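Submitted below is the structure of interest, expressed as structure tokens.
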Amino acid sequence: EGNHSDEDGGGLAAYGCYLQLLDTAVVGNTADGDGGGLLPWYGGLRMERCEVRDNVAGGDGGGLRGGDDPSDDPLVMLECLVSGNQSGGHGGGVRWDASNLALLAGTLFELNQAALQGGGLWLSVATVLEQVSFVGNSAAEGGGAYLAGLCLSRATDCRFVDNVASVAGGGLHGGTLGSCPPPFMG
């Protein structure tokens, strides 16, 4: 809590490994670059029953910034809270890209802010969302979530409530959603 980096990974930076966080809180950290709370780079991340809250990044991923290589392991977030994070770029709560999959279940993204895209969440990977809620997030595009040019593989029992975008996609903005099955099921 309360850590700072002049570059990336305010709370924690991990390179080239598969990181697992269980029952962990990443709170109140800052980075002048990416990953205000966490920066797992060139690896994967599994989080269970975790809290990523009140972190700030000058660049991307206010709470968490990760994924960089298509061979990276997936992002898995189960029963997590991502709240009150801010980024000066993309992904107020989380930015994850280039790995092979993102699976998020039972997770709440609330009150996160991004200056550009993806107030709560910014992804550029095949994505499965199960019982994920996006509440009160904001960005220029994709107030709740921004899917960068990819199809939402599956969304079950998800909620998009009171998210705001100043340009497009208050709840969800996606590059190829028109060719996908309906993203809101249940």
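Everything numeric in this text was worked out from a predicted model, so none of it was measured.
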Got a donor-acceptor contact below 3.5 angstrom from the Asn112 side chain to the Gly119 backbone?
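A pair under 3.5 Å: no.
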
Same cluster for Leu64 and Leu19 if Ile/Leu/Val/Met/Phe/Trp/Tyr side chains link at under 4.5 Å?
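Result: yes, single cluster for both.
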
If hydrophobic clusters are built by linking Ile, Leu, Val, Met, Phe, Trp and Tyr wherever their side-chain heavy atoms come under 4.5 Å apart, do Val82 and Leu116 end up in the same one?
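They do not share one cluster, since no chain of ILVMFWY contacts under 4.5 Å joins Val82 to Leu116.
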
Could you grab the distance from atom CG of Leu104 to atom CD of Gln131, nearest 0.5 Å is fine?
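Those atoms lie 12.5 Å apart.
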
For Val161, side chain to side chain contact (heavy atoms under 4.5 Å, CB included) partners two or more places apart
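In terms of side chain to side chain contact (heavy atoms under 4.5 Å, CB included), with neighbours along the sequence ignored, Val161 is linked to Val135, Arg159.
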
Check whether any side-chain heavy atom of Val164 lies under 4.5 Å from a side-chain heavy atom of Asp162, and answer yes or no.
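Result no, sub-4.5 Å side-chain heavy-atom pair not found.
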
Interatomic distance, Leu147 atom CG to Ser124 atom OG [nearest 0.5 angstrom]
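The CG atom of Leu147 sits 9.5 Å away from the OG atom of Ser124.
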
Between Asn163 and Asn137, is there a donor-acceptor pair closer than 3.5 Å when you use the side chain of the first and the backbone of the second?
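Yes; judged by distance alone, with no hydrogens or angles, the pair exists.
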
Mark yes or no for whether Asn3, through its side chain, and Thr30, through its backbone, hold a donor-acceptor pair below 3.5 Å.
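Here the side-chain-to-backbone pair does not exist.
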
Is there side-chain contact between Val26 and Asn55, with at least one heavy-atom pair below 4.5 Å?
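Side-chain contact under 4.5 Å: yes.
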
Could you tell me if the side chain of Leu38 sits less than 4.5 Å from the side chain of Leu21, heavy atoms only?
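The answer is yes, as the side chains (C-beta and beyond) meet within the 4.5 Å cut-off.
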
Any side-chain heavy-atom pair of Leu121 and Phe134 under 4.5 Å:
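Yes. Closest side-chain heavy atoms under 4.5 Å.
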
Is there a donor in the side chain of Thr156 and an acceptor in the side chain of Glu130, or the other way round, less than 3.5 Å apart?
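No, because no side-chain N or O of Thr156 sits under 3.5 Å from a partner of the opposite role on Glu130.
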
Measuring from atom OG of Ser133 to atom CG of Leu108, what distance do you get when rounded to the nearest 0.5 angstrom?
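Reported to 0.5 Å precision, the distance equals 6.0 Å.
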
For side-chain contact (heavy atoms from CB on, under 4.5 Å), just list the numbers for Leu123 and Asp97, CA-CA rounded to whole Å, side-chain angles, deciding distance to a tenth of an Å, and then say yes or no.
CA-CA 6 Å; Leu123 294 172; Asp97 56 337; over 6 Å; no

So does Val132 get a backbone contact from the side chain of Thr107, meaning a donor-acceptor N/O pair under 3.5 Å?
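Pair absent, no side-chain N/O of Thr107 close to backbone of Val132.
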
Is there a side-chain contact (heavy atoms from CB on, under 4.5 Å) between Phe109 and Leu81? Walk through the geometry before answering.
CA-CA 6 Å; Phe109 290 84; Leu81 170 66; over 6 Å; no

Would you say Asp54's side chain and Val27's backbone share a donor-acceptor pair under 3.5 angstrom?
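No.
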
Nearest non-hydrogen partners of Ala57 and Gly35, listed with the distance
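Smallest interatomic distance, heavy atoms only, reads CB-N, 3.9 Å.
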
Between Leu12 and Leu39, does the side-chain contact (heavy atoms from CB on, under 4.5 Å) criterion hold? Intermediate values first, please.
CA-CA 6 Å; Leu12 171 70; Leu39 183 85; over 6 Å; no

Could you tell me which non-hydrogen atom of Ala115 sits nearest to which non-hydrogen atom of Gly88, and how far apart they are?
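Here Ala115 and Gly88 meet closest at CB-O, 3.4 Å.
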
Among all residues two or more places apart in sequence or in another chain, which pass the salt bridge (Lys or Arg N to Asp or Glu O under 4.0 Å) test with Glu51?
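Checked Glu51 against salt bridge (Lys or Arg N to Asp or Glu O under 4.0 Å); matches are Arg53.
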
Enter the distance from Arg95:CZ to Arg65:CZ here, rounded to the nearest 0.5 Å.
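Arg95 CZ to Arg65 CZ: 4.0 Å, rounded to 0.5 Å.
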
Considering only heavy atoms from C-beta outward, does the side chain of Tyr146 approach that of Leu172 to under 4.5 Å?
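With C-beta onward as the side chain, the pair stays apart.
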
Gly143 versus Ala165, closest heavy-atom pair with distance
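Taking every non-hydrogen atom into account, N-CB, 3.9 Å.
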
Distance, nearest 0.5 Å, that separates SG of Cys50 from CE of Met77:
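Between Cys50 SG and Met77 CE, I get 7.5 Å after rounding to 0.5 Å.
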
Do Leu75 and Leu103 make a side-chain contact, defined as non-hydrogen atoms from C-beta onward lying under 4.5 Å apart?
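Counting from C-beta outward, Leu75 and Leu103 never come under 4.5 Å.
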
Got a donor-acceptor contact below 3.5 angstrom from the Asp60 side chain to the His90 backbone?
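Here the side-chain-to-backbone pair exists.
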
Work out which heavy atom in Gly61 is nearest to a heavy atom in Ser87; give both atom names and the distance.
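Nearest pair, atom of Gly61 first, then Ser87: N-CB, 3.9 Å.
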
Exercise: identify the closest heavy-atom pair between Phe160 and Ala145
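That closest heavy-atom pairing would be CE2-CB, 4.3 Å.
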
Which atoms form the tightest heavy-atom contact between Ala31 and Gly9, and what is the distance?
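That closest heavy-atom pairing would be CB-N, 4.0 Å.
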
Could you tell me the separation between the SG atom of Cys80 and the CD atom of Glu48, rounded to the nearest 0.5 Å?
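One finds 8.0 Å between SG of Cys80 and CD of Glu48.
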
Passes side-chain contact (heavy atoms from CB on, under 4.5 Å), Arg46 versus Leu22? Steps please.
CA-CA 8 Å; Arg46 181 182 184 91; Leu22 308 174; 5.5 Å; no

